[in-house]
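The structure under discussion appears below in the form of C-alpha coordinates.
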Amino acid sequence: MLEIQRIRTEKEAVIEGLKKRNFDASAIVENLLDIDQQWRTSKTELESIAAEQNVLSKEIGDLFKQGKQEEANAAKAKTAELKTKEAALKVTVDEFENQITQFLYQIPNVPNNLVPAGKNELDNITVEEVGSKKEFGFAAQPHWDLAKKYDLIDFELGVKITGAGFPVYKGKGAKLQRALIAFFLDEAEKAGYQEFTPPLVVNEASGYGTGQLPDKEGQMYYINEDDLYLIPTAEVPLTNIYRDVILPSEDFSIKMTGYTPCFRREAGSYGKDVRGLNRLHQFDKVEIVRIEHPSNTEKALTEMINHVKGLLEKLGLHYRVLRLCGGDTGFASAMTYDFEVYSAAQEKWLEVSSVSRFDTFQSTRLKLRFKTNDKKTQLCHTLNGSALALPRIVASLLENHQTENGIVIPEALRPYTGFDRID
RNA sequence: GGAGAGAUGGCAGAGCGGUUGAAUGCACCGGUCUUGAAAACCGGCGUACCGAGAGGUAUCGGGGGUUCGAAUCCCUCUCUCUCCGCCA
(Lines give C-alpha, C1' and ligand atoms only; values in the text may rest on other atoms or scores of the structure.)
Protein backbone atom coordinates (compact mmCIF):
# COMPACT_ATOMS: atom_id res chain seq x y z
CA MET A 1 0.00 0.00 0.00
CA LEU A 2 0.96 3.60 -0.37
CA GLU A 3 2.51 5.42 2.55
CA ILE A 4 0.04 7.77 4.13
CA GLN A 5 2.74 10.42 4.43
CA ARG A 6 3.07 10.39 0.69
CA ILE A 7 -0.63 10.92 0.21
CA ARG A 8 -0.54 13.77 2.69
CA THR A 9 2.35 15.54 1.05
CA GLU A 10 1.87 14.65 -2.62
CA LYS A 11 -1.86 14.41 -2.79
CA GLU A 12 -2.23 15.94 -6.24
CA ALA A 13 0.59 13.95 -7.75
CA VAL A 14 -0.87 10.73 -6.42
CA ILE A 15 -4.32 11.45 -7.81
CA GLU A 16 -2.83 12.56 -11.11
CA GLY A 17 -0.61 9.48 -11.34
CA LEU A 18 -3.45 7.10 -10.64
CA LYS A 19 -5.43 8.55 -13.53
CA LYS A 20 -3.10 6.62 -15.80
CA ARG A 21 -4.77 3.51 -14.42
CA ASN A 22 -8.20 4.95 -14.98
CA PHE A 23 -8.42 5.00 -11.23
CA ASP A 24 -10.15 8.07 -9.93
CA ALA A 25 -8.67 8.46 -6.49
CA SER A 26 -9.88 11.95 -5.74
CA ALA A 27 -12.89 10.99 -3.62
CA ILE A 28 -11.11 8.28 -1.73
CA VAL A 29 -8.09 10.48 -1.08
CA GLU A 30 -10.27 13.32 0.17
CA ASN A 31 -12.07 10.97 2.52
CA LEU A 32 -8.84 9.43 3.63
CA LEU A 33 -7.20 12.74 4.43
CA ASP A 34 -10.30 13.95 6.19
CA ILE A 35 -10.34 10.86 8.41
CA ASP A 36 -6.60 11.15 8.85
CA GLN A 37 -6.99 14.70 10.15
CA GLN A 38 -9.69 13.62 12.58
CA TRP A 39 -7.61 10.68 13.62
CA ARG A 40 -4.66 12.90 14.47
CA THR A 41 -6.79 15.24 16.50
CA SER A 42 -8.40 12.43 18.48
CA LYS A 43 -5.13 10.66 18.89
CA THR A 44 -3.44 13.71 20.35
CA GLU A 45 -6.31 14.16 22.77
CA LEU A 46 -6.25 10.51 23.74
CA GLU A 47 -2.54 10.66 24.40
CA SER A 48 -2.77 13.71 26.58
CA ILE A 49 -5.42 11.97 28.67
CA ALA A 50 -3.14 8.97 28.95
CA ALA A 51 -0.29 11.25 29.98
CA GLU A 52 -2.45 12.83 32.65
CA GLN A 53 -3.43 9.39 33.93
CA ASN A 54 0.14 8.27 34.08
CA VAL A 55 1.08 11.27 36.15
CA LEU A 56 -1.83 10.69 38.54
CA SER A 57 -1.00 7.03 38.96
CA LYS A 58 2.50 7.88 40.00
CA GLU A 59 1.24 10.41 42.49
CA ILE A 60 -1.15 7.88 43.95
CA GLY A 61 1.67 5.42 44.31
CA ASP A 62 3.77 7.99 46.17
CA LEU A 63 0.91 8.98 48.41
CA PHE A 64 0.31 5.38 49.42
CA LYS A 65 3.96 4.98 50.19
CA GLN A 66 3.85 7.99 52.42
CA GLY A 67 0.79 6.54 54.12
CA LYS A 68 -1.46 9.36 52.99
CA GLN A 69 -4.46 7.14 52.38
CA GLU A 70 -7.08 9.83 52.17
CA GLU A 71 -5.29 11.96 49.66
CA ALA A 72 -4.59 8.91 47.59
CA ASN A 73 -8.24 7.97 47.53
CA ALA A 74 -9.17 11.45 46.47
CA ALA A 75 -6.79 11.24 43.58
CA LYS A 76 -8.23 7.87 42.63
CA ALA A 77 -11.65 9.41 42.26
CA LYS A 78 -10.23 11.84 39.72
CA THR A 79 -8.91 9.06 37.52
CA ALA A 80 -12.34 7.47 37.19
CA GLU A 81 -13.50 10.39 35.13
CA LEU A 82 -10.43 10.27 32.92
CA LYS A 83 -10.93 6.58 32.36
CA THR A 84 -14.40 6.95 30.91
CA LYS A 85 -13.24 9.70 28.62
CA GLU A 86 -10.28 7.63 27.56
CA ALA A 87 -12.34 4.54 26.80
CA ALA A 88 -14.71 6.49 24.56
CA LEU A 89 -11.89 8.18 22.70
CA LYS A 90 -10.09 4.92 22.23
CA VAL A 91 -13.07 3.52 20.34
CA THR A 92 -13.11 6.56 18.08
CA VAL A 93 -9.41 6.40 17.40
CA ASP A 94 -9.53 2.68 16.62
CA GLU A 95 -12.40 3.25 14.28
CA PHE A 96 -10.48 5.97 12.42
CA GLU A 97 -7.44 3.78 12.15
CA ASN A 98 -9.54 1.01 10.73
CA GLN A 99 -11.03 3.28 8.12
CA ILE A 100 -7.63 4.60 7.16
CA THR A 101 -6.30 1.10 6.61
CA GLN A 102 -9.35 0.18 4.56
CA PHE A 103 -8.85 3.21 2.36
CA LEU A 104 -5.18 2.51 1.91
CA TYR A 105 -5.88 -1.06 0.89
CA GLN A 106 -8.08 0.20 -1.90
CA ILE A 107 -5.51 2.45 -3.52
CA PRO A 108 -3.22 0.86 -6.10
CA ASN A 109 0.39 1.84 -6.62
CA VAL A 110 1.11 5.08 -8.43
CA PRO A 111 2.53 4.30 -11.86
CA ASN A 112 6.06 5.35 -12.70
CA ASN A 113 6.54 8.33 -15.00
CA LEU A 114 7.40 6.06 -17.89
CA VAL A 115 4.11 4.19 -17.67
CA PRO A 116 1.70 5.27 -20.40
CA ALA A 117 -1.91 5.98 -19.57
CA GLY A 118 -4.29 3.39 -20.90
CA LYS A 119 -7.12 1.02 -20.31
CA ASN A 120 -5.99 -2.43 -21.36
CA GLU A 121 -3.46 -4.43 -23.32
CA LEU A 122 -4.16 -2.41 -26.45
CA ASP A 123 -2.45 0.60 -24.84
CA ASN A 124 0.74 -1.19 -23.89
CA ILE A 125 3.93 -0.01 -25.49
CA THR A 126 6.07 -2.45 -27.41
CA VAL A 127 9.55 -1.53 -26.34
CA GLU A 128 11.39 -4.06 -28.38
CA GLU A 129 10.82 -7.05 -30.61
CA VAL A 130 13.56 -9.59 -31.15
CA GLY A 131 13.46 -12.22 -33.88
CA SER A 132 10.84 -12.73 -36.51
CA LYS A 133 7.96 -14.98 -37.28
CA LYS A 134 9.06 -18.38 -38.28
CA GLU A 135 8.26 -19.80 -41.71
CA PHE A 136 7.66 -23.52 -41.50
CA GLY A 137 6.79 -24.56 -45.01
CA PHE A 138 4.23 -26.95 -43.58
CA ALA A 139 1.18 -26.65 -41.37
CA ALA A 140 2.53 -25.86 -37.93
CA GLN A 141 0.69 -27.60 -35.13
CA PRO A 142 -0.34 -26.08 -31.79
CA HIS A 143 1.46 -27.44 -28.75
CA TRP A 144 -1.45 -29.49 -27.50
CA ASP A 145 -1.38 -31.51 -30.68
CA LEU A 146 2.39 -31.84 -30.54
CA ALA A 147 2.23 -32.86 -26.89
CA LYS A 148 -0.13 -35.64 -27.82
CA LYS A 149 1.78 -36.67 -30.92
CA TYR A 150 5.03 -37.09 -29.03
CA ASP A 151 3.36 -38.25 -25.82
CA LEU A 152 4.78 -35.44 -23.68
CA ILE A 153 1.80 -34.16 -21.75
CA ASP A 154 -1.44 -35.87 -20.80
CA PHE A 155 -4.16 -33.37 -20.05
CA GLU A 156 -6.94 -35.94 -19.67
CA LEU A 157 -4.96 -37.86 -17.10
CA GLY A 158 -4.62 -34.68 -15.07
CA VAL A 159 -8.37 -34.23 -15.21
CA LYS A 160 -8.80 -37.75 -13.91
CA ILE A 161 -6.41 -37.29 -11.01
CA THR A 162 -7.23 -33.73 -10.08
CA GLY A 163 -9.19 -31.67 -12.57
CA ALA A 164 -8.76 -29.36 -15.53
CA GLY A 165 -5.62 -27.25 -15.41
CA PHE A 166 -3.41 -29.87 -13.81
CA PRO A 167 -1.57 -31.56 -16.65
CA VAL A 168 0.58 -34.65 -16.27
CA TYR A 169 3.98 -34.39 -17.96
CA LYS A 170 5.62 -37.59 -18.99
CA GLY A 171 8.75 -38.98 -20.59
CA LYS A 172 10.62 -36.33 -22.50
CA GLY A 173 7.90 -33.86 -21.54
CA ALA A 174 8.74 -34.29 -17.87
CA LYS A 175 12.43 -34.23 -18.59
CA LEU A 176 12.05 -31.03 -20.53
CA GLN A 177 10.38 -29.44 -17.51
CA ARG A 178 13.18 -30.48 -15.25
CA ALA A 179 15.79 -29.29 -17.74
CA LEU A 180 14.21 -25.86 -18.02
CA ILE A 181 14.04 -25.46 -14.26
CA ALA A 182 17.69 -26.39 -13.85
CA PHE A 183 18.69 -24.14 -16.75
CA PHE A 184 16.82 -21.15 -15.38
CA LEU A 185 18.19 -21.65 -11.88
CA ASP A 186 21.74 -21.96 -13.14
CA GLU A 187 21.37 -18.81 -15.20
CA ALA A 188 20.01 -16.94 -12.20
CA GLU A 189 22.84 -18.16 -10.06
CA LYS A 190 25.35 -16.99 -12.68
CA ALA A 191 23.69 -13.58 -12.52
CA GLY A 192 24.28 -13.45 -8.79
CA TYR A 193 20.97 -14.59 -7.37
CA GLN A 194 21.04 -16.84 -4.34
CA GLU A 195 18.88 -19.92 -4.68
CA PHE A 196 16.13 -20.70 -2.20
CA THR A 197 13.68 -23.53 -1.85
CA PRO A 198 10.86 -21.88 0.06
CA PRO A 199 7.65 -23.31 1.48
CA LEU A 200 4.83 -23.71 -1.04
CA VAL A 201 2.25 -22.84 1.55
CA VAL A 202 2.15 -19.53 3.39
CA ASN A 203 0.29 -17.93 6.25
CA GLU A 204 -2.01 -14.98 6.13
CA ALA A 205 0.63 -12.44 7.18
CA SER A 206 2.76 -13.37 4.18
CA GLY A 207 -0.22 -12.99 1.87
CA TYR A 208 -0.73 -9.47 3.17
CA GLY A 209 2.98 -8.72 2.98
CA THR A 210 3.24 -9.02 -0.78
CA GLY A 211 -0.25 -7.76 -1.47
CA GLN A 212 -2.12 -10.90 -2.52
CA LEU A 213 -4.40 -10.25 0.43
CA PRO A 214 -6.86 -8.79 0.89
CA ASP A 215 -7.64 -7.92 -2.75
CA LYS A 216 -6.75 -11.12 -4.58
CA GLU A 217 -8.07 -13.54 -2.05
CA GLY A 218 -9.97 -15.58 -4.63
CA GLN A 219 -6.89 -16.23 -6.67
CA MET A 220 -5.22 -18.41 -4.08
CA TYR A 221 -6.07 -21.90 -2.93
CA TYR A 222 -6.88 -21.79 0.75
CA ILE A 223 -6.45 -24.53 3.30
CA ASN A 224 -9.22 -23.84 5.74
CA GLU A 225 -8.15 -26.41 8.30
CA ASP A 226 -4.83 -24.69 8.94
CA ASP A 227 -5.56 -21.20 7.71
CA LEU A 228 -2.84 -21.35 5.05
CA TYR A 229 -2.60 -20.48 1.38
CA LEU A 230 -0.95 -22.27 -1.52
CA ILE A 231 1.48 -19.86 -3.13
CA PRO A 232 0.47 -18.31 -6.44
CA THR A 233 4.12 -17.43 -7.09
CA ALA A 234 7.49 -17.78 -5.35
CA GLU A 235 7.42 -14.02 -4.96
CA VAL A 236 5.30 -14.51 -1.86
CA PRO A 237 7.57 -16.72 0.25
CA LEU A 238 10.78 -15.22 -1.12
CA THR A 239 9.88 -11.60 -0.49
CA ASN A 240 8.44 -12.45 2.90
CA ILE A 241 11.81 -13.75 3.99
CA TYR A 242 12.47 -10.06 4.56
CA ARG A 243 9.20 -9.19 6.26
CA ASP A 244 9.82 -7.21 9.46
CA VAL A 245 13.48 -6.81 8.70
CA ILE A 246 15.60 -3.70 9.10
CA LEU A 247 18.79 -4.03 7.09
CA PRO A 248 21.70 -2.62 9.06
CA SER A 249 23.18 -0.33 6.41
CA GLU A 250 22.53 1.44 3.13
CA ASP A 251 24.90 -0.88 1.42
CA PHE A 252 22.82 -3.79 0.20
CA SER A 253 21.43 -5.44 -2.86
CA ILE A 254 19.59 -8.63 -2.17
CA LYS A 255 19.10 -11.00 -5.06
CA MET A 256 17.09 -14.18 -4.56
CA THR A 257 15.85 -16.84 -6.89
CA GLY A 258 13.75 -19.91 -6.40
CA TYR A 259 11.94 -22.57 -8.30
CA THR A 260 8.45 -23.43 -7.10
CA PRO A 261 5.25 -24.79 -8.41
CA CYS A 262 2.61 -22.06 -8.45
CA PHE A 263 -1.06 -22.55 -7.74
CA ARG A 264 -3.77 -20.32 -9.12
CA ARG A 265 -7.48 -20.73 -8.95
CA GLU A 266 -8.07 -18.29 -11.83
CA ALA A 267 -11.82 -18.70 -11.61
CA GLY A 268 -13.93 -17.67 -14.54
CA SER A 269 -11.74 -18.29 -17.56
CA TYR A 270 -13.00 -20.10 -20.63
CA GLY A 271 -12.28 -21.00 -24.20
CA LYS A 272 -9.27 -20.81 -26.40
CA ASP A 273 -7.14 -18.84 -23.97
CA VAL A 274 -7.07 -21.71 -21.54
CA ARG A 275 -6.44 -24.44 -24.07
CA GLY A 276 -3.44 -26.68 -23.51
CA LEU A 277 -0.72 -25.04 -21.47
CA ASN A 278 -1.95 -21.51 -21.90
CA ARG A 279 -3.45 -21.23 -18.46
CA LEU A 280 -3.14 -23.72 -15.65
CA HIS A 281 -4.04 -24.11 -12.02
CA GLN A 282 -0.62 -25.52 -11.25
CA PHE A 283 2.54 -24.62 -13.08
CA ASP A 284 6.25 -24.34 -12.52
CA LYS A 285 8.18 -21.13 -12.41
CA VAL A 286 11.59 -19.79 -11.53
CA GLU A 287 11.30 -16.40 -9.94
CA ILE A 288 13.86 -13.68 -9.32
CA VAL A 289 13.34 -11.24 -6.47
CA ARG A 290 15.37 -8.20 -5.51
CA ILE A 291 15.44 -5.92 -2.53
CA GLU A 292 17.15 -2.66 -3.30
CA HIS A 293 18.09 0.75 -2.07
CA PRO A 294 15.67 3.18 -3.76
CA SER A 295 18.55 4.72 -5.69
CA ASN A 296 19.36 1.38 -7.28
CA THR A 297 15.89 0.31 -8.37
CA GLU A 298 16.15 1.57 -11.91
CA LYS A 299 19.42 -0.21 -12.49
CA ALA A 300 18.09 -3.40 -10.92
CA LEU A 301 15.05 -3.34 -13.16
CA THR A 302 17.21 -2.99 -16.24
CA GLU A 303 19.38 -5.88 -15.14
CA MET A 304 16.34 -8.06 -14.62
CA ILE A 305 14.98 -7.19 -18.03
CA ASN A 306 18.29 -8.05 -19.63
CA HIS A 307 18.41 -11.29 -17.72
CA VAL A 308 15.03 -12.38 -19.06
CA LYS A 309 15.94 -11.31 -22.57
CA GLY A 310 19.07 -13.39 -22.34
CA LEU A 311 17.07 -16.46 -21.40
CA LEU A 312 14.68 -16.06 -24.28
CA GLU A 313 17.51 -15.54 -26.71
CA LYS A 314 19.33 -18.64 -25.52
CA LEU A 315 16.14 -20.57 -26.12
CA GLY A 316 15.96 -19.14 -29.64
CA LEU A 317 12.51 -17.69 -29.20
CA HIS A 318 10.99 -14.78 -31.05
CA TYR A 319 9.80 -12.38 -28.40
CA ARG A 320 8.79 -8.85 -27.63
CA VAL A 321 8.99 -6.67 -24.56
CA LEU A 322 6.04 -4.55 -23.53
CA ARG A 323 5.84 -1.74 -21.07
CA LEU A 324 2.39 -2.09 -19.63
CA CYS A 325 0.03 0.83 -19.61
CA GLY A 326 -1.53 2.01 -16.36
CA GLY A 327 -4.70 0.03 -16.74
CA ASP A 328 -2.85 -3.22 -17.37
CA THR A 329 -0.28 -2.79 -14.60
CA GLY A 330 -0.91 -4.89 -11.53
CA PHE A 331 -2.36 -3.34 -8.39
CA ALA A 332 0.90 -3.36 -6.43
CA SER A 333 3.25 -2.54 -9.29
CA ALA A 334 4.69 0.85 -10.15
CA MET A 335 5.88 -0.36 -13.52
CA THR A 336 5.74 -3.70 -15.27
CA TYR A 337 7.42 -5.10 -18.34
CA ASP A 338 5.83 -8.14 -19.90
CA PHE A 339 7.70 -10.55 -22.11
CA GLU A 340 5.72 -12.30 -24.78
CA VAL A 341 6.78 -15.10 -27.04
CA TYR A 342 5.20 -15.53 -30.41
CA SER A 343 3.31 -18.75 -30.78
CA ALA A 344 3.63 -19.61 -34.41
CA ALA A 345 0.91 -22.20 -34.48
CA GLN A 346 -1.63 -20.36 -32.34
CA GLU A 347 -0.70 -17.16 -34.12
CA LYS A 348 -0.64 -15.09 -31.00
CA TRP A 349 1.65 -13.74 -28.33
CA LEU A 350 1.99 -15.64 -25.08
CA GLU A 351 3.09 -13.94 -21.89
CA VAL A 352 6.04 -15.79 -20.42
CA SER A 353 7.42 -13.29 -17.98
CA SER A 354 6.45 -10.21 -16.08
CA VAL A 355 9.05 -8.05 -14.41
CA SER A 356 7.89 -5.39 -11.98
CA ARG A 357 9.14 -2.76 -9.62
CA PHE A 358 6.99 -2.15 -6.59
CA ASP A 359 9.03 0.63 -5.03
CA THR A 360 7.78 0.92 -1.45
CA PHE A 361 4.33 -0.52 -2.06
CA GLN A 362 5.23 -3.95 -0.71
CA SER A 363 7.85 -2.85 1.79
CA THR A 364 5.31 -0.64 3.56
CA ARG A 365 3.26 -3.70 4.37
CA LEU A 366 6.28 -5.90 4.86
CA LYS A 367 7.93 -3.36 7.15
CA LEU A 368 11.07 -3.97 5.18
CA ARG A 369 13.50 -1.15 5.83
CA PHE A 370 17.14 -0.24 6.03
CA LYS A 371 19.23 2.03 8.24
CA THR A 372 20.53 5.12 6.56
CA ASN A 373 23.99 6.42 7.26
CA ASP A 374 22.52 8.92 9.68
CA LYS A 375 20.71 6.13 11.59
CA LYS A 376 17.26 6.72 10.21
CA THR A 377 15.05 3.89 8.98
CA GLN A 378 13.84 4.06 5.42
CA LEU A 379 11.74 1.72 3.29
CA CYS A 380 13.47 -0.55 0.80
CA HIS A 381 12.31 -1.10 -2.75
CA THR A 382 11.24 -4.54 -3.95
CA LEU A 383 11.23 -5.94 -7.46
CA ASN A 384 10.48 -9.31 -8.93
CA GLY A 385 10.08 -11.12 -12.18
CA SER A 386 9.56 -14.52 -13.70
CA ALA A 387 12.69 -16.05 -15.14
CA LEU A 388 10.80 -17.87 -16.38
CA ALA A 389 7.34 -19.41 -16.19
CA LEU A 390 7.46 -22.85 -17.73
CA PRO A 391 4.20 -23.77 -19.42
CA ARG A 392 4.12 -21.17 -22.12
CA ILE A 393 7.82 -21.56 -22.65
CA VAL A 394 7.25 -25.25 -23.21
CA ALA A 395 4.35 -24.41 -25.50
CA SER A 396 6.41 -22.03 -27.58
CA LEU A 397 9.46 -24.30 -27.66
CA LEU A 398 7.32 -27.08 -29.04
CA GLU A 399 5.55 -24.86 -31.53
CA ASN A 400 8.47 -22.77 -32.72
CA HIS A 401 11.06 -25.50 -32.89
CA GLN A 402 8.87 -28.11 -34.55
CA THR A 403 10.02 -29.67 -37.79
CA GLU A 404 8.46 -32.33 -39.92
CA ASN A 405 10.49 -34.90 -38.12
CA GLY A 406 10.52 -33.80 -34.53
CA ILE A 407 11.12 -30.94 -32.18
CA VAL A 408 14.59 -29.50 -32.00
CA ILE A 409 15.92 -28.71 -28.53
CA PRO A 410 17.84 -25.41 -28.38
CA GLU A 411 21.58 -25.75 -27.95
CA ALA A 412 21.63 -24.15 -24.50
CA LEU A 413 19.18 -26.66 -23.14
CA ARG A 414 20.80 -29.83 -24.42
CA PRO A 415 23.22 -30.29 -21.52
CA TYR A 416 20.15 -30.36 -19.32
CA THR A 417 17.82 -32.53 -21.38
CA GLY A 418 20.42 -34.98 -22.51
CA PHE A 419 18.64 -35.21 -25.87
CA ASP A 420 18.68 -32.82 -28.80
CA ARG A 421 15.33 -33.58 -30.29
CA ILE A 422 11.95 -34.96 -29.48
CA ASP A 423 10.60 -37.36 -32.04
C1' G B 1 -3.40 -36.99 18.22
C1' G B 2 -1.78 -37.27 23.99
C1' A B 3 1.31 -34.94 28.10
C1' G B 4 4.28 -31.03 29.73
C1' A B 5 7.26 -26.38 29.38
C1' G B 6 7.80 -21.71 27.52
C1' A B 7 7.19 -16.81 24.62
C1' U B 8 11.09 -10.17 27.64
C1' G B 9 15.43 -5.46 23.43
C1' G B 10 20.24 -7.84 17.60
C1' C B 11 21.54 -12.29 20.73
C1' A B 12 21.85 -14.32 25.78
C1' G B 13 19.30 -13.56 30.16
C1' A B 14 17.08 -10.91 35.05
C1' G B 15 12.56 -8.88 36.55
C1' C B 16 9.01 -7.56 43.75
C1' G B 17 1.81 -4.97 40.80
C1' G B 18 4.22 1.26 41.56
C1' U B 19 9.90 6.50 39.31
C1' U B 20 11.23 -0.56 34.56
C1' G B 21 11.57 1.09 28.09
C1' A B 22 12.96 -2.61 31.12
C1' A B 23 19.04 -5.13 35.40
C1' U B 24 23.30 -7.75 33.57
C1' G B 25 26.45 -9.93 29.75
C1' C B 26 27.63 -10.17 24.56
C1' A B 27 27.35 -7.75 19.95
C1' C B 28 27.31 -2.92 17.68
C1' C B 29 28.52 2.64 17.22
C1' G B 30 31.38 7.06 19.05
C1' G B 31 35.42 8.71 22.16
C1' U B 32 39.99 8.38 25.45
C1' C B 33 44.51 5.68 25.53
C1' U B 34 48.03 3.51 21.49
C1' U B 35 52.84 4.39 16.09
C1' G B 36 48.57 1.06 14.70
C1' A B 37 45.61 -2.81 16.73
C1' A B 38 44.01 -5.49 21.04
C1' A B 39 42.86 -4.70 26.09
C1' A B 40 41.03 -1.18 29.46
C1' C B 41 38.03 2.99 30.47
C1' C B 42 33.98 6.67 29.25
C1' G B 43 29.59 7.54 26.47
C1' G B 44 25.80 5.84 23.20
C1' C B 45 22.81 1.96 21.38
C1' G B 46 15.02 -0.99 19.86
C1' U B 47 10.56 0.22 17.02
C1' A B 48 6.28 3.06 15.75
C1' C B 49 2.97 7.12 15.90
C1' C B 50 1.59 12.43 17.18
C1' G B 51 4.29 17.14 17.53
C1' A B 52 7.85 22.80 14.26
C1' G B 53 10.14 21.72 18.86
C1' A B 54 10.20 20.71 23.89
C1' G B 55 8.03 16.62 24.56
C1' G B 56 4.09 12.97 24.63
C1' U B 57 1.99 8.07 23.70
C1' A B 58 2.31 2.99 22.61
C1' U B 59 5.16 -1.45 22.66
C1' C B 60 8.05 -7.22 27.28
C1' G B 61 4.01 -13.21 21.38
C1' G B 62 -1.67 -11.35 19.87
C1' G B 63 -6.45 -9.98 22.01
C1' G B 64 -9.43 -9.10 26.34
C1' G B 65 -9.97 -8.40 31.76
C1' U B 66 -8.76 -7.01 37.14
C1' U B 67 -6.36 -2.36 39.25
C1' C B 68 -5.53 4.49 40.55
C1' G B 69 -1.27 1.72 38.35
C1' A B 70 0.47 -4.62 34.99
C1' A B 71 6.36 -7.28 31.71
C1' U B 72 4.60 -8.80 36.66
C1' C B 73 -2.37 -11.22 38.45
C1' C B 74 -6.76 -13.58 35.52
C1' C B 75 -9.05 -15.33 30.78
C1' U B 76 -8.32 -16.46 25.73
C1' C B 77 -5.83 -17.15 21.09
C1' U B 78 -1.39 -18.05 18.43
C1' C B 79 3.33 -19.85 18.15
C1' U B 80 7.80 -22.47 19.81
C1' C B 81 10.23 -26.37 22.45
C1' U B 82 10.47 -31.35 25.02
C1' C B 83 8.48 -36.35 25.63
C1' C B 84 4.97 -40.16 23.70
C1' G B 85 2.11 -41.87 19.41
C1' C B 86 1.74 -41.82 14.00
C1' C B 87 4.49 -41.14 9.60
C1' A B 88 7.87 -39.58 4.63
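To find a chain, count down the sequence lines: A is the first, B the second, and so on, and within it residues start at 1. Remember, predicted model here, so these are calculated numbers, not experimental data.
Contacts of Glu187(A) classified as salt bridge (Lys or Arg N to Asp or Glu O under 4.0 Å), with partners at least two apart in sequence or in another chain: Lys190(A), Lys314(A). Considering only residues two or more places apart in sequence or on other chains, Glu3(A) meets the side-chain hydrogen bond (donor to acceptor under 3.5 Å, both in side chains) condition with Thr360(A). With sequence neighbours left out, the side-chain hydrogen bond (donor to acceptor under 3.5 Å, both in side chains) criterion links Asp151(A) to Lys170(A). Evaluation of the side-chain hydrogen bond (donor to acceptor under 3.5 Å, both in side chains) rule for Tyr150(A) yields no partner, not counting sequence neighbours. Every ring pair (Phe, Tyr, Trp, His ring centres under 6.0 Å) that Tyr208(A) has, sequence neighbours left out, goes to Tyr105(A). Judged as a side-chain hydrogen bond (donor to acceptor under 3.5 Å, both in side chains), and not counting sequence neighbours, Arg414(A) has no contacts.
Counting non-hydrogen atoms under 4.0 angstrom, Thr79(A) reaches the backbone sugars and phosphates but no base. Across all strands, Gln5(A) comes closer than 4.0 Å only to sugar-phosphate atoms, never to a base (heavy-atom distances). Looking at heavy-atom distances under 4.0 Å, Leu82(A) makes no contact with the nucleic acid at all.
For Asp36(A) and Arg40(A), the salt-bridge test passes: some basic side-chain N is under 4.0 Å from an acidic carboxylate O. Under 4.0 Å is where a charged nitrogen must lie from a carboxylate oxygen, and between Glu30(A) and Lys11(A) at least one such pair does.
Side-chain nitrogen and oxygen atoms of Lys83(A) include at least one within less than 4.0 Å of the OP1 or OP2 phosphate oxygen of G69(B). Taking only side-chain nitrogens and oxygens, Arg40(A) never comes nearer than 4.0 Å to OP1 or OP2 of C49(B).
Spacing between atom CD1 of Ile246(A) and atom P of C11(B) amounts to 12 Å, rounded to whole angstrom units. Between the CZ atom of Arg8(A) and the C1' atom of C49(B) there is a distance of 9 Å, given to the nearest Å. Distance Asp244(A) CG to A48(B) P: 11 Å, rounded to the nearest Å. Counting to the nearest Å, the C1' atom of C49(B) and the CZ atom of Phe96(A) are 16 Å from each other.
When each of Arg365(A), Arg243(A), Glu235(A) is checked for a side chain to side chain contact (heavy atoms under 4.5 Å, CB included) with Thr210(A), only Glu235(A) meets the rule.
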N/O to N/O distances under 3.5 Å, protein versus nucleotides 73-79 of chain B:
none

Each nucleotide N or O in nucleotides 19-22 of chain B that has a protein N or O under 3.5 Å away: list the pair and distance.
residue : atom : partner  : partner atom : Å
U19(B)  : O4   : Lys65(A) : NZ           : 3.4

Can you check nucleotides 52-58 of chain B for protein contacts, nitrogen or oxygen pairs under 3.5 Å, and list what you find?
residue : atom : partner  : partner atom : Å
G56(B)  : N2   : Glu47(A) : OE1          : 2.9
G56(B)  : N2   : Glu47(A) : OE2          : 3.4
U57(B)  : OP1  : Asn54(A) : ND2          : 3.2

Measure all distances between protein nitrogen or oxygen atoms and nitrogen or oxygen atoms of nucleotides 59-65 of chain B, and list the pairs falling under 3.5 Å.
none

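Here A48(B) is the nucleotide among G69(B), G51(B), A48(B) with the atom lying nearest to any side-chain atom of Arg369(A).
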For RNA chain B, produce a single dot-bracket line, 5' to 3'. Pairs: Watson-Crick or G-U wobble, both distances under 3.5 Å. Symbols: ( ) within strand, [ ] crossing, | other strand, . unpaired.
-> ((((((((.[[[..)..(.....]]].(((((.......))))).(((((....))))).[[[[[..)....]]]]])))))))....
Would you mind writing out the side-chain donor-acceptor pairs for residues 301-310 of chain A within the sub-3.5 Å range, not counting sequence neighbours?
residue   : atom : partner   : partner atom : Å
Thr302(A) : OG1  : Glu298(A) : O            : 3.0
Glu303(A) : OE1  : Arg290(A) : NH1          : 2.8
Glu303(A) : OE1  : Arg290(A) : NH2          : 2.9
Asn306(A) : ND2  : Thr302(A) : O            : 3.4
Lys309(A) : NZ   : Glu128(A) : OE1          : 2.8
Lys309(A) : NZ   : Glu128(A) : OE2          : 3.2

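Ser343(A) and Glu399(A) are linked by a side-chain donor-acceptor pair at a separation below 3.5 angstrom, with hydrogens and angles left out of the test.
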